[in-house]
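Counting convention: from 1, in listed order, for ligands and their atoms alike.
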Amino acid sequence: MADDHTTAILSFEVFPPKKDDEFEGVYSVLDELSKLQPAFISVTYGAGGSRSKKTVEIADYIENTLGIQAIAHMTCVGNKKESIDQVLAELKAANIHHILALRGDRPAWMDDEQYDNRDFQHANELIAYIKEQAPDFHIAGACYPEKHYEAMSMRADIARLKDKVEAGCEQLITQLFLDNDAYYRFQETCLANGIHVPIHAGIMPITSLKQVETSISLSGTSIPKAFSDIVARYSGNPEDFRKAGIDYAIRQILDLKTYGVDGIHIYSMNKPKTTRTIMEAIR
Ligand code: FAD
């Protein structure tokens with residue numbers, strides 16, 4: 001845990017736009033986000049690994065043009081050893097030394113054969129491989145305050161998380177959550193099970209009803225009453241919904257800071273205006 005409530009590290013996540021003609025827009029998003037002085041910005045890896053070059057390009061801009069630490073995501077799914085080696089070489093050449101190593105999920109277009117045809121089954125195997133090939137990379141991993149959707153129990157998930165840390169994962173970033181108590185319970189469980197690496201709390205501002213149907217449903221995150229009240233009250237009014245969603249994220253972060261979390265990782269959704277509103281309120 002952080003020493004006091006003012007020291008939580010603040011960071012953001014961005015994603016490479018899916019369409020090539022929208023790609024250039026990500027640079028102005030990053031320019032705006034950089035003014036908020038995050039400790040690092042992480043860049044997602046397209047499901048299935050088909051657009052890894054975009055992740056590297058964006059991470060390169062963050063690290064070398066903006067002078068902010070970049071964390072490049074990387075997945076097992078969709079990658080063989082050779083493509084992992086290729087991306088590691090590209091990251092090294094771009095002076096990027098931070099990776100968020102993930103298993104990934106199966107994209108809708110991927111068949112069983114492609115999904116199974118990977119060299120690393122789980123994130124812990126990818127982490128061990130990277131540490132063996134390139135020990136100077138600093139590795140982060142994902143974790144789930146309300147357990148991963150495939151895990152039989154929280155106990156089983158925590159055991160696997162410990163494998164991930166023992167494989168060389170030096171930092172964890174959580175799945176989005178709306179219930180801080182779930183996060184606090186999770187952090188205590190990690191400590192009780194000997195997981196002592198910093199855990200960054202992933203907070204996603206939910207600013208539209210659509211996001212409730214996509215991000216929240218996909219993540220399996222539980223919806224506390226305070227949030228379902230927002231949905232019930234503002235679902236017919238997009239602007240008020242947006243404001244209430246941002247306010248909810250601000251209250252969550254302030255509470256987490258008071259508790260003394262190691263870090264807050266804001267899923268920016270490539271929206272600098274929303275991220276700025278949150279940063280101004282929490283600093
Ligand atoms: P793992 O750690 O492999 O865990 C997956 C499941 O398998 C869990 O149930 C776990 O308990 C179990 N397990 C773990 N290790 C073993 C083992 N050795 N043997 C048996 N079971 C095991 N997806 C993307 O495609 N691109 C991204 O950029 C991306 N970024 C993300 C960032 C964050 C912060 C988070 C939380 C998720 C992100 N995801 C991303 C989604 C992620 O890929 C999925 O949540 C995926 O289902 C699990 O990935 P993982 O690395 O946690 O997997």
Would [X] count as being in polar contact with ligand 1, using the rule that some N or O on each side must be under 3.5 angstrom apart?
X	answer
Q175	no
A123	yes
C143	no
T44	no
R160	no

Protein contact to [atom] [nearest heavy atom, distance to 0.1 Å]:
atom	answer
atom 26 (N) of ligand 1	Y45 O, 2.8 Å
atom 39 (N) of ligand 1	L102 CD2, 4.0 Å
atom 46 (C) of ligand 1	D105 OD1, 3.3 Å
atom 30 (N) of ligand 1	H73 ND1, 3.0 Å
atom 23 (N) of ligand 1	G104 CA, 4.3 Å
atom 36 (C) of ligand 1	A142 CB, 3.5 Å

Going by an N to O cut-off under 4.0 Å, is there a salt bridge joining [X] and [Y]?
X	Y	value
K35	D31	no
R103	E150	yes
E280	R283	no

Checklist entry - Does the ring centre of F40 sit less than 6.0 Å away from the ring centre of H138? => result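 No, ring centres 6.0 Å or more apart.
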Item to check | Sole residue of H200, Q69, H265 in side chain to side chain donor-acceptor pair (under 3.5 Å) with S42 | outcome: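 Of H200, Q69, H265, side chain to side chain donor-acceptor pair (under 3.5 Å) with S42 is met by H265 alone.
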Next on the checklist: Quick check on D163 - does any of its heavy atoms sit under 4.0 Å from an atom of ligand 1?
Outcome noted: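 False for this residue.
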Next on the checklist: With a 4.0 Å cut-off on heavy atoms, is G202 in contact with ligand 1?
Outcome noted: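 G202: no contact with ligand 1 (<4.0 Å).
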List ligand 1 atoms under 4.0 Å from [X], heavy atoms only on the residue side.
X	value
T75	24 (C), 25 (O), 26 (N)
L100	32 (C)
D157	8 (C), 9 (O), 10 (C), 11 (O)
I173	34 (C)
A47	25 (O)
N124	15 (N), 18 (N)
A151	9 (O)

Closest contact, heavy atoms only, [X] versus [Y]:
X	Y	answer
I71	I99	CG2-C, 3.7 Å
M74	L88	CE-CD2, 3.8 Å
P272	L33	CA-CD2, 3.9 Å

Checklist entry - Once the angle between the rings of Y27 and F23 is folded into 0 to 90°, is it parallel (under 30°), tilted (30 to 60°) or perpendicular (over 60°)? => result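 Aromatic pair Y27/F23 classed perpendicular.
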Checklist entry - Should the pair F120 and Y129 be assigned to parallel (<30°), tilted (30 to 60°) or perpendicular (>60°) ring geometry? => result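 Because their plane-to-plane angle lies in the 30° to 60° range, the rings of F120 and Y129 count as tilted.
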Item to check | Residues Q86 and E82: side-chain donor-acceptor under 3.5 angstrom | outcome: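 Checked: Q86/E82 side chains show no N/O donor-acceptor pair below 3.5 Å.
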Checklist entry - Strictly by modelled atom types, are D157 and Y149 linked by a side-chain donor-acceptor pair under 3.5 Å? => result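 Per modelled atom types, D157 and Y149 side chains form no pair under 3.5 Å.
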Selected option - heavy-atom contact closest to [atom], from [options]:
atom	options	result
atom 17 (C) of ligand 1	E125, H122, E150	H122
atom 51 (O) of ligand 1	R106, R103, E13, H200	R103
atom 45 (O) of ligand 1	Y144, Y149, F120, Y267	Y144
atom 9 (O) of ligand 1	K164, K162, M154, H148	H148

Checklist entry - How long is the gap from OG on S28 to CG on N270, to the nearest 0.5 Å? => result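 Those atoms lie 9.5 Å apart.
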Checklist entry - For F137, is the NZ or CZ atom of K131 found under 6.0 angstrom from the centre of its six-membered ring and inside 45 degrees of the ring axis? => result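 No - K131 does not lie over the ring of F137 by the 6.0 Å and 45° rule.
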